[in-house]
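For reference, the structure is listed below as structure tokens.
Note that this is a predicted model, so its numbers are computed, not measured.
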Amino acid sequence: MASTEQPEPPTQSGLPPGDEAARPREALVATAVKFLQNPKVRESPLATRKVFLRKKGLTDEEVDLAIQRSGSTEEVLPLSPVGLPHPPYATHLTPAPPTGYRWRDYGALTIIMVGIAFGFHQLYKKYILPLIMGSREDKKHLQRMESNIAAMSGTLTQT
């Protein structure tokens, strides 16, 4: 919605300054018409709409002009007829969600969960298990070192 500090449209050189103030500001009126044509705004009472437009800086004449141009009525359009909890046409307007989306979502969720589980398994196998159990390569390296030490001590005893 337009702010209250809107610059006035450029003045025509042929009009005296007193007539400028009397002429409605077309930019504000056009914005007010768009506001009044909004379906959610049409549900509110006309008096509330008028008060709102006056707060935004429109004069009474501009408010009346905007209401006339927008085709707003004095009566508030009800959301549903009295006595019926839902409008009869509402079931035709809202399509049921396709069931394929649900299965596609379940499939995507399954793939994501399997990927996360596989990632955790690889992290466990590569980093956590060797910390807990000790690496096989470390065991092989220790065995080689022991055999080298045994060989060296054997040669040392011979010398």
Side-chain angles (χ1 to χ4, degrees), residues 1-10 24-59 62-63 66-67 69-73 75-159:
M1 192 64 217
S3 68
T4 56
E5 297 179 6
Q6 284 281 330
E8 294 194 22
R25 297 170 287 183
E26 289 299 320
L28 285 175
V29 173
T31 306
V33 169
K34 287 180 187 175
F35 168 75
L36 290 170
Q37 288 175 343
N38 186 332
K40 290 186 179 183
V41 173
R42 283 183 170 260
E43 295 170 1
S44 65
L46 185 63
T48 307
R49 292 180 266 174
K50 284 183 179 182
V51 169
F52 180 80
L53 291 174
R54 284 189 198 109
K55 283 182 183 178
K56 292 298 178 181
L58 274 75
T59 63
E62 292 169 341
V63 170
I67 289 172
R69 286 185 187 175
S70 70
S72 293
T73 59
E75 61 199 43
V76 178
L77 299 175
L79 291 175
S80 62
V82 178
L84 292 176
H86 301 288
Y89 54 85
T91 56
H92 302 293
L93 296 177
T94 56
T99 58
Y101 287 128
R102 186 179 343 154
W103 288 108
R104 186 176 66 188
D105 292 342
Y106 290 151
L109 181 65
T110 302
I111 290 171
I112 290 171
M113 295 303 287
V114 166
I116 290 172
F118 179 76
F120 277 127
H121 174 71
Q122 292 298 321
L123 285 173
Y124 175 77
K125 192 167 83 174
K126 186 171 185 177
Y127 296 108
I128 297 173
L129 192 61
L131 285 175
I132 295 172
M133 301 300 278
S135 174
R136 292 179 188 159
E137 296 164 355
D138 289 343
K139 289 180 181 177
K140 288 180 184 177
H141 185 68
L142 283 174
Q143 285 176 353
R144 274 188 253 131
M145 285 177 60
E146 286 176 359
S147 65
N148 285 340
I149 291 173
M152 287 167 74
S153 77
T155 55
L156 186 66
T157 54
Q158 286 178 359
T159 54

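Under a 3.5 Å cut-off, the side chain of E62 and the backbone N or O of R25 do form a donor-acceptor pair. Although no hydrogens or angles enter the test, the distance criterion places no donor-acceptor pair under 3.5 Å between the side chain of S44 and the main chain of K40.
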Show the atom names and distances, to 0.1 Å, of all donor-acceptor pairs under 3.5 Å that link a side chain in residues 104-132 to residues at least two apart or in another chain.
residue	atom	partner	partner atom	Å
T110	OG1	Y106	O	2.8

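The distance from the OG atom of S70 to the CZ atom of R49 is 7.5 Å, given to the nearest 0.5 Å. We find the CG-CD1 distance between L36 and I67 to be 6.0 Å, quoted to the nearest 0.5 Å. Taken from CG in L156 to CD1 in I149, the straight-line distance is 12.5 Å, to the nearest 0.5 Å. Note that the CE atom of M152 and the OG atom of S147 stand 11.0 Å from one another [nearest 0.5 Å]. Taking CZ from R144 and NZ from K140, the interatomic distance works out to 8.0 Å, rounded to the nearest 0.5 Å.
Between K50 and L53 the shortest side-chain heavy-atom distance does not fall below 4.5 Å.
Under the side-chain hydrogen bond (donor to acceptor under 3.5 Å, both in side chains) criterion, R69 pairs with E26, sequence neighbours left out.
Pairing each heavy atom of A32 with each of L58, the nearest pair is CB-CD2, 3.7 Å.
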